[in-house]
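Within every chain, numbering begins at 1; the chains are lettered A, B, ... in the order of the sequence lines, protein sequences first and strands thereafter. Quick note: numbers below take in every heavy atom, side chains included, and nothing from hydrogens, waters or symmetry partners.
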Number of protein chains: 2
Amino acid sequence: MSIDKLDTRVRQEQIAQAAMNLINTTGMKGLSIAKVAKRVGIVPSAIYRHFESKDQMIDAVLNLIFDRLMDNVLKTCMATFDPFDRLKLILTRHIRLILDNHAIPRIIFSEEVYSGNTHRKAKLNRKIGRYLIKISEIIQQGQHENHIRKDVDPETISVMFLGIIHPAAILWHISDEAFDVAKHAEKAWRIFKESLSTA
Amino acid sequence: MSIDKLDTRVRQEQIAQAAMNLINTTGMKGLSIAKVAKRVGIVPSAIYRHFESKDQMIDAVLNLIFDRLMDNVLKTCMATFDPFDRLKLILTRHIRLILDNHAIPRIIFSEEVYSGNTHRKAKLNRKIGRYLIKISEIIQQGQHENHIRKDVDPETISVMFLGIIHPAAILWHISDEAFDVAKHAEKAWRIFKESLSTA
DNA sequence: CTCCTATGTGAATTATAATTCACAATATAA
DNA sequence: TTATATTGTGAATTATAATTCACATAGGAG
């Protein structure tokens, strides 16, 4: 069997994807260079041809995740225009994304990702901030168009929106997938929407 | 200086407390037997006189946390009786507890605590479940007394209640304490309460 | 007071993983 | 076709922390 030599761009993607999959199944704790390498089909030391360190590999995983999250938001905003439709669709898509990738909320919100790494923490903060701003904008738009009450703070709502998804994802994971995220999201959404609607 | 020899009960508490404080400042990643020992004023190997392993030490920290959380809930239920007053007070107390102990949400909800430890994961699941049930009960009582709408599912609400606290705590931490948790809780609470109140 | 047990000490020992390095094989540009 | 840079390999090397162990000492039971 001949040794495959692939472009570093390709490998970087393969590695980031493999790392994410590994985190999905074994968690951050189970993430080792050796296992990632095995999944990609190369030898551990070869990882270092494509990433300077394990840390930079993790950065790549974070980028992967945020790209998808933002993609969900942007695509949704292309597809629908009513603010409630948008939020609902984002919610649904996020749930699906998370069900396929257990790890996402745990990676993003788990301190092991950034503890002792000021730079990454700041980066993560910026990315989450950007995400929340997007959600806020949708809400502001809704207020502008008189679909959403004007006496609520868009930023607060955007964090509460996160509060529909994240705790549910955590419970789902910790309960060994017994907690029904989709059903919860459905019920919570109803209440959430109603509480924002203009009388 | 003479060597202090303390009862293992006392040491276990000291160690659990020291571990928790350490996690507050340096995160799970920074939690080492050596550092804990130093804080307690003993030598690393001495830890093993009081805990079989690092894992069991972490278990003790978890117990510490849940004891306090439950304590908040129970004390609140002793002090107030109106369901909204109860929830509001629990919210306030949790926020205060979390501000004093950054680590709490990150410990409870961080996979590093339970990944690869089925037993602890199950235990954590039970404890969180018990907590949510308590919150649910308060809501059911409110429904019974006609303060809270009856067309909402108490379990859903209890998870949404978590959704007020947890994302805020995470944002506070990741933003290097720039995010104003207390203010968010205040605003979110207003919306939350209103959405549950009987018309 | 004296023994005995519980606790503490410091120096190994282990375990796990990241990282480095010298060497090999492949692709590609000329 | 053939240099040359890039990518891959496998065997060290390092780093970090948990854990063990033989020995020391305080403090209560008798």
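Closest to the side chain of B:S32, from the set C:dT19, D:dT7, D:dA18, is D:dA18. Closest to the side chain of A:H50, out of D:dG8, C:dG8, D:dT20, is D:dG8. Of the candidate nucleotides D:dT9, C:dT7, C:dA11, C:dT7 has the atom lying nearest to any side-chain atom of B:T8. Side-chain atoms of B:I42 lie closest to C:dG8 of the nucleotides D:dA18, C:dG8, D:dT7. Minimum atom distance to the side chain of B:A46 is reached by C:dT9, of the listed C:dT9, D:dA18, C:dT19. In this structure, the nucleotide among C:dT9, D:dT19, C:dA17 sitting nearest to the side chain of B:V43 is C:dT9. Listed candidates were C:dG8, C:dT19, C:dC23. Nearest to the side chain of A:S53 is C:dT19. Relative to the side chain of A:I33, the nucleotides C:dA18, D:dT7, D:dA18 differ in distance, and C:dA18 lies closest.
When rounded to the nearest whole Å, the span between CG of B:D4 and C1' of C:dT7 equals 11 Å. Atoms CE (B:M28) and C1' (D:dA17) sit 15 Å apart, rounded to a whole Å. Separating the NZ atom of B:K38 from the P atom of C:dT9 is a distance of 13 Å, rounded to the nearest angstrom. Rounded to whole Å, the distance from OH on A:Y48 to C1' on D:dT6 is 19 Å. Counting to the nearest Å, the P atom of D:dG8 and the CD1 atom of A:I47 are 9 Å from each other. Between the P atom of C:dA6 and the CZ atom of B:F51 lies a distance of 18 Å, rounded to the nearest Å. Atom NZ in B:K35 sits roughly 11 Å away from atom C1' in D:dT16 (whole-Å rounding). To the nearest angstrom, P of D:dA18 lies 15 Å from CD of B:Q56.
Checking the phosphate oxygens (OP1, OP2) of D:dG8, a side-chain nitrogen or oxygen of A:R11 falls inside 4.0 Å.
The residue among A:K29 and A:S45 whose nearest nucleotide of DNA chain C is located toward the 5' end is A:K29. Place B:K5 and B:G41 on DNA chain C by their nearest nucleotides, and B:K5 ends up nearer the 5' end. Comparing A:R9 and B:P44 by the nucleotide of DNA chain D whose heavy atom lies nearest to each, the residue mapping closer to the 5' end is A:R9.
Under 3.5 Å, the side chains of B:Q17 and B:R39 contain no donor-acceptor pair of N or O atoms. Looking at A:Q14 and A:R11, their side chains do bring a donor and an acceptor atom within 3.5 Å of each other. If you check the side chains of A:R149 and A:S197, you find no donor sitting under 3.5 Å from an acceptor.
Using a 4.0 Å heavy-atom criterion, one finds that A:L31 contacts the sugar-phosphate atoms exclusively.
In this structure, CZ on A:R68 lies 5.5 Å from CG on A:N101, to the nearest 0.5 angstrom.
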(request) Begin from the C-alpha positions of B:K134 and B:E137 and carry the test salt bridge (charged side-chain N to carboxylate O under 4.0 Å, His left out) through to its verdict. (result) CA-CA 5 Å; B:K134 270 270 158 260; B:E137 284 172 358; 3.2 Å; yes
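Of the possible polar contacts, one joining the B:K54 side chain to the B:L31 backbone as a donor-acceptor pair under 3.5 Å is found.
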